[in-house]
Structure formats: C-alpha cells, structure tokens
Amino acid sequence: METNHKSEKTEKTSLNFIEAIIEEDLKKGKNASKVHTRFPPEPNGYLHIGHAKSICLNFGIAKKYQGKTNLRFDDTNPIKEDVEYVESIKEDIRWLGFDWHAEYYASDYFEQLYAWAIQLIEAGKAYVDDSTQEEISKNRGVPTSPGKESPYRNRSVQENLNLFRRMRAGEFSDGSRVLRAKIDMASPNMHMRDPVMYRILHASHHRTGNDWCIYPMYDYAHGQSDSIEGITHSICTLEFEVHRPLYDWFCENLQIHHPQQIEFARLNINYTVMSKRKLLQLVQEKHVMGWDDPRMPTLCGLRRRGYTPASIRNFAEIIGVAKRENVIDFSLLEYCVREDLNKKAWRTMAVLDPIKLIIDNYPSEKIEYVQAINNPEDPQAGSRALPFSRELWIERSDFMEDAPKNFFRLTPGREVRLKYAYIVKCESVDKDDKGNIKAIHCSYDPETRSGMPESNRKVKATIHWLSAQHAKTAEVRLFDRLFCVADPDEVTEGKSFLDNLNPNSLQIIKAYTEPEFPKTEVFTNYQFERIGYFCIDKDSTDSKLVFNQTVALKDTWAKQK
RNA sequence: UGACCAAUGGUGUAAUGGUAGCACUGCAGUUUUUGGUACUGCCUGUCUAGGUUCGAAUCCUGGUUGGUCAACCA
C-alpha cells in the first residue's frame with residue numbers, strides 16, 4: 001500500500017473553501033486546534049469516483065493539518081446494508097492509498113443513541129407518534145405552507161417513555177409507531193417539521209443481529225456519531241445542507257460536542273452516471289459485466305480498467321472543491337491516467353488490426369534481434385530484444401494505397417521506419433479478387449538498421465510491427481464511453497438513462513503481441529506503442545492473456561482525418 | 001410559487017477590496033525512431049441592474065438562472 005505519497009503535483013498555494021474554514025478555526029484555537037475528519041459510507045454499494053473525491057478530501061485535509069480520519073460505516077438501515085459492501089469499501093480505500101485512524105460503525109452507538117433519545121423525551125423534546133406513514137407525510141405539509149401538528153404530539157413524558165421502551169422491547173409491529181423530535185411543524189425547512197428519529201424495523205442487522213428492532217434515522221445518528229468520535233469538521237455533500245439545522249439542533253439539545261458540518265458539491269463527470277441506484281441497476285440488469293466492469297465509474301471498475309491510485313488522487317486534486325454544481329470533462333480523467341502511465345508503463349508492441357508486410361529482399365530464414373527501449377521516460381527500465389524477420393504484422397491503418405499528402409505512413413513508393421529495425425520502402429501490394437489488400441511488399445535498406453549511420457535518414461513516420469512467426473495472440477477489450485450523450489440523465493418523456501447507453505462501448509478483438517511480457521500479473525499496465533495504455537485483466541489464463549484498454553494515446557492524425 | 005445554497009472562458013478552479021491567473025479541452029507551431037511525451041504560442045471569462053468605494057469578480061440591494069428540500073433512505 002502506498003501510504004506516504006507526497007503531493008503528486010506541484011504544491012498548491014491557494015486554499016479551497018474548506019481549508020480556509022479550517023485554517024480560520026486553527027487560528028482561533030477551536031477544537032484545541034485539532035483536525036479530525038471522517039469518511040462515512042453506507043455499506044450498501046460499491047465506491048465510485050465520486051466517493052474518491054470525498055475520500056481524498058477527508059484524508060487529504062487531515063494529513064495536511066496533522067489530523068486524523070476515521071472510517072465510519074453509516075449502517076443504520078439493516079434492510080439495505082451488507083458485509084459484502086464493507087469489505088469492498090475497505091479494499092477500495094486502501095487501494096486508493098489511504099489508511100484510517102480508526103474503523104467505526106454507527107451501529108456501535110445504538111445504545112448511546114437510545115439513551116440520548118430517552119433524554120430528549122424526558123426534556124419534552126421528543127414524542128412517540130402513532131400516526132401512519134401516510135398521515136405523517138400528509139401532516140408534514142409542503143415546503144410552501146406549514147404542516148399540521150400530530151394529535152400525539154403532546155403526550156405526557158411518562159407515556160412517551162413507556163411507549164418508546166415498548167418500541168424497543170419489540171411490542172409493536174413495523175411502521176406502527178415512530179419517535180419524533182418535537183421541533184416546529186411550521187418551519188420552512190421540511191427537515192425541522194418534527195423529524196422521525198426512530199422507526200420500528202424487525203430486521204436483522206449485519207453487525208447487531210437481532211438485538212434491535214428500532215433503528216435510528218440518518219439525521220438522528222450522523223451528527224451524534226461525529227460527536228462521539230470527536231470529529232471537528234464533518235464534510236458532506238450539498239444535498240445535506242438543509243439537514244444542517246437539524247444536525248445542529250441535536251448537538252445543541254443534547255449538549256454534546258458539536259462538530260461543524262461543511263457541504264461541498266459532489267463530483268459529476270459527463271458521459272457517465274454517478275448514482276448508486278443507477279450503478280446498481282446497470283449491474284443487476286446486466287448492462288455491464290459487474291461492479292468492476294471496466295466501463296463503470298466504480299473504483300473497482302477503474303482499477304480493472306488500468307487506472308492507478310495516483311492518477312485518481314491527482315484527478316481529485318485537480319478538480320478542486322467548491323459549492324458550485326459541476327460537471328467534469330471525462331477527458332480530464334483520461335489526461336490524469338495518461339500522465340501517470342506515460343511515466344510508469346513499459347512499452348510493448350501490439351498489432352490490433354493486422355496486415356502482412358513482406359520484405360522481399362530479406363532472407364527468408366534469417367532472424368535478427370533488435371533492442372527495444374522499455375520506457376523512454378525511465379532510463380532505469382532498460383531494454384529488451386525483439387525478433388525481426390522477413391514477414392511481419394503491421395497495423396492496417398498504417399498503410400494507405402491512395403494517400404493524401406498529410407498521410408505520413410506507408411504508401412506505394414514511400415519509405416517508413418520500422419521502429420528499432422530498418423527503413424523499408426513499399427514496392428507493391430497483393431490483392432484478392434475483390435480488390436482487398438492481402439499483403440504489402442517492401443524492400444529494406446540493410447544499412448538503415450537502428451544504430452547504423454544511415455538509420456538517421458529522415459523519414460516521415462515510424463511504425464510498429466511484429467515478427468509474424470514469433471508473435472503471440474491475446475484477447476484485447478476495447479472500450480468506449482458507456483453512454484453516448486454527455487448527460488445520460490437528460491431524457492425525454494418515457495425514456496430512461498438506459499436509453500442513452502452506448503451499444504458499442506465494448507469491442508473484443510484478437511490481437512498480436514510480442515512473444516514475451518516482463519510481467520503478467522493482473523492490473524499490470526503497458527503502453528502498446530502508438531496505440532494506447534492497456535492492462536492485464538483478471539480473465540487472463542496461462543495460455544491466453546486478456547488486456548483491457550485503459551485509454552488510447554492522443555492521436556492527432558485520427559483527429560484530422 | 002416558501003426556505004436554503006450557488007453563479008468567473010467550452011469545462012473545472014484561483015484571485016480573501018488593488019495587474020482576472022492556473023489546469024483540461026480546442027487550434028497553431030518546435031522537438032521527436034510513438035502523428036505519444038516534452039516545449040512554445042493562440043482563442044475564449046467575472047449572469048444582470050443599481051449602490052458603497054479612490055478602486056468591486058470580491059461588499060450591499062433588486063432581478064435572472066441553476067441546484068437542493070415535501071422516505072419510517074443515506
């Protein structure tokens with residue numbers, strides 16, 4: 001695990017608005033000048049790149065101010081939560097490169113939360129409501145007009161105490177009663193209209209089993225959990241802004257440590273969806289291969305796609321933090337992986353769409369070995385020997401019979417360099433009856449082998465190749481964006497985001513590769529020279545390698561075509 | 001027809017009353033045995049109307065636009 005990554009980009013001098021708040025607090029000596037954050041996922045789904053923004057923020061801030069970050073599972077709804085998710089969440093956070101100070105669960109605090117509820121009842125600030133869910137909803141009113149007080153609102157403390165204890169004891173059925181905070185049914189903030197604190201749920205919890213049949217609501221659990229852990233700055237997304245008065249109300253009325261809730265705008269990326277519900281739907285309805293499908297914005301999906309932790313951390317840094325709604329260009333994420341992989345990924349040659357190139361004047365039995373550089377960005381990476389022979393595979397797109405003037409590659413009568421080998425000249429092409437090109441015939445200049453003086457001759461292009469008799473085959477999975485429109489959620493009547501799915505987001509092909517790879521561990525990143533970055537997929541076997549395309553190299557030629 | 005929040009190039013984010021900067025994208029060029037990388041240059045911006053001030057992206061007021069809130073979800 002990478003635990004000690006120093007700031008990957010140049011040190012940022014300006015502060016985001018949260019850091020500004022924290023520095024102000026530090027200056028004032030608030031919280032004894034300590035910083036303690038938390039990352040509070042609900043274990044009901046896999047983490048995605050939006051969570052990565054939050055993780056990097058919370059852990060990053062704590063690190064910057066010599067503070068701590070807790071991992072706390074917000075597990076107050078047993079119906080939706082599962083241990084499968086807590087394991088994947090921990091794995092993803094570690095993979096991203098972070099280690100938490102302590103691992104907690106909101107369910108650890110059920111007993112304390114219950115005691116505090118009793119305390120609020122005794123203070124006349126909470127009551128048991130026997131109304132049905134429909135009645136409560138109806139009486140809450142709408143944002144533009146006040147709600148109506150429940151007929152049970154003014155029960156005696158004794159009666160409330162008795163009822164609430166019996167709720168806990170399991171005497172009542174699901175949904176028959178709730179505990180509500182007595183605040184203000186006329187508040188313009190809906191969350192202050194006597195919010196539900198506890199509901200009855202005879203359900204087994206992944207940690208507390210059947211100990212409880214009443215479970216606290218988010219609003220009643222979150223702030224107090226923060227408080228118990230001594231959190232100083234409780235950072236969450238914008239939609240919780242309207243919950244803040246409630247967060248504050250519970251802390252104040254319970255007279256407990258009062259962390260400061262700060263909201264920031266969640267991450268959105270175009271051509272993708274970020275809601276857990278929708279990602280779950282994509283998985284359940286099998287529009288993708290699973291949570292870790294390389295087209296998914298989940299952390300396990302990105303990992304399988306070949307994204308590195310450093311590239312995602314850098315992305316989180318670059319996008320910044322603010323309160324304004326934002327949509328980040330997918331190209332920024334791609335930039336971040338390319339930047340990281342350019343430095344780290346070893347190069348190899350692969351031919352995805354092969355066509356035979358025959359060097360007529362090269363001896364048919366001859367095999368030479370040429371030296372290929374493993375990574376031009378890293379001299380330490382060294383070089384490898386590649387077999388060269390008379391018949392080669394080259395990329396179909398590297399030849400054009402009637403080429404425009406801006407096409408630099410192979411065309412009849414023109415020379416190109418075969419990378420690390422010789423300069424060849426196209427002499428003729430073989431075609432079948434239908435006029436399809438079967439093979440390209442070239443002549444080579446023996447004086448132009450890389451390293452020889454003549455090899456410095458100016459040619460317009462250098463192309464990659466593979467010795468046909470030595471090349472191995474591999475499965476390569478090419479990906480395009482999962483959705484074909486920038487905002488998949490923008491749909492006309494009767495349509496859903498699923499109608500915006502890109503039918504061509506996955507293409508599986510057979511490709512030729514070099515005979516050897518230095519590493520074949522899952523997730524190993526390579527650059528296929530002149531094509532893009534690829535990584536080894538978990539579906540690889542001893543006899544067949546499977547590669548996932550991480551991202552294509554920039555291609556100015558493809559653009560001007 | 002309520003409350004709260006936000007508004008800076010195509011996108012994101014700085015400027016904390018004093019020269020509107022950075023990154024991505026796009027475009028043009030230099031270098032290059034990857035049409036990659038690196039490097040250089042260019043395009044494009046303070047929602048609007050007032051006010052305060054010597055001076056406003058920044059403070060105030062009105063408007064406009066966008067977002068959030070009416071689960072016994074988080």
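Values below: every heavy atom of this structure, side chains too, minus hydrogens, waters and symmetry copies. Computed from a predicted model, the values in this text were never measured in an experiment. Proteins come first, then strands; the chains are lettered A, B, ... in the order of their sequence lines, and each starts at number 1.
For T556(A), whose side chain is taken as the heavy atoms from C-beta onward, the closest listed nucleotide among U34(B), U8(B), G36(B) is G36(B). Side-chain atoms of D329(A) lie closest to G10(B) of the nucleotides C27(B), A74(B), G10(B). The side chain of I136(A) sits closest to C72(B) out of A6(B), U33(B), C72(B). Among the nucleotides G36(B), G26(B), C24(B), the one closest to the side chain of L553(A) is G36(B). For Q527(A), counting side-chain heavy atoms from C-beta on, the closest listed nucleotide (U68(B), G35(B), U34(B)) is U34(B). Minimum atom distance to the side chain of R417(A) is reached by U33(B), of the listed C72(B), G67(B), U33(B). Each of G2(B), C72(B), G67(B) was ranked by its minimum atom distance to the side chain of P188(A); first place goes to G2(B). The side chain of N16(A) sits closest to A14(B) out of A14(B), C69(B), C24(B).
Scanning atom types as modelled, one donor and one acceptor separated by under 3.5 angstrom connect the side chain of E377(A) and the base of G36(B). Side-chain N/O atoms of H243(A) and base N/O atoms of A74(B) include a donor-acceptor pair closer than 3.5 Å.
Nearest-nucleotide positions on RNA chain B place T144(A) closer to the 5' end than the other of T144(A) and H222(A). The nearest heavy atom of RNA chain B to M190(A) and to K554(A) marks one nucleotide each, and the one closer to the 5' end goes with K554(A).
Using cut-offs of 30° and 60° on the angle between ring planes, the pair F388(A) and Y422(A) is tilted.
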Can F315(A) and Y307(A) be said to form a ring pair (Phe, Tyr, Trp, His ring centres under 6.0 Å), step by step? CA-CA 11 Å; F315(A) 175 74; Y307(A) 277 72; 8.8 Å; no
The test is ring pair (Phe, Tyr, Trp, His ring centres under 6.0 Å); show your working for F547(A) and F534(A) and say whether it passes. CA-CA 6 Å; F547(A) 286 92; F534(A) 293 78; 7.1 Å; no
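No side-chain donor-acceptor contact under 3.5 Å links E334(A) to the backbone of F330(A).
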Pairing pattern in dot-bracket form [Watson-Crick, G-U; both distances under 3.5 Å; | = partner strand] for RNA chain B: .((((((..((((....[..)))).(((((.......)))))....(((((..]....))))))))))).....
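Residue F240(A) is in base contact, counting any heavy-atom pair closer than 4.0 Å across all strands shown. Residue S137(A) is in sugar-phosphate contact alone, with no base atom involved, counting any heavy-atom pair closer than 4.0 Å across all strands shown.
Aromatic rings of H222(A) and F240(A) (six-membered ring for Trp) have centroids beyond the 6.0 Å cut-off, not under it.
The side chain to side chain contact (heavy atoms under 4.5 Å, CB included) test applied to A552(A) returns Q549(A), not counting sequence neighbours.
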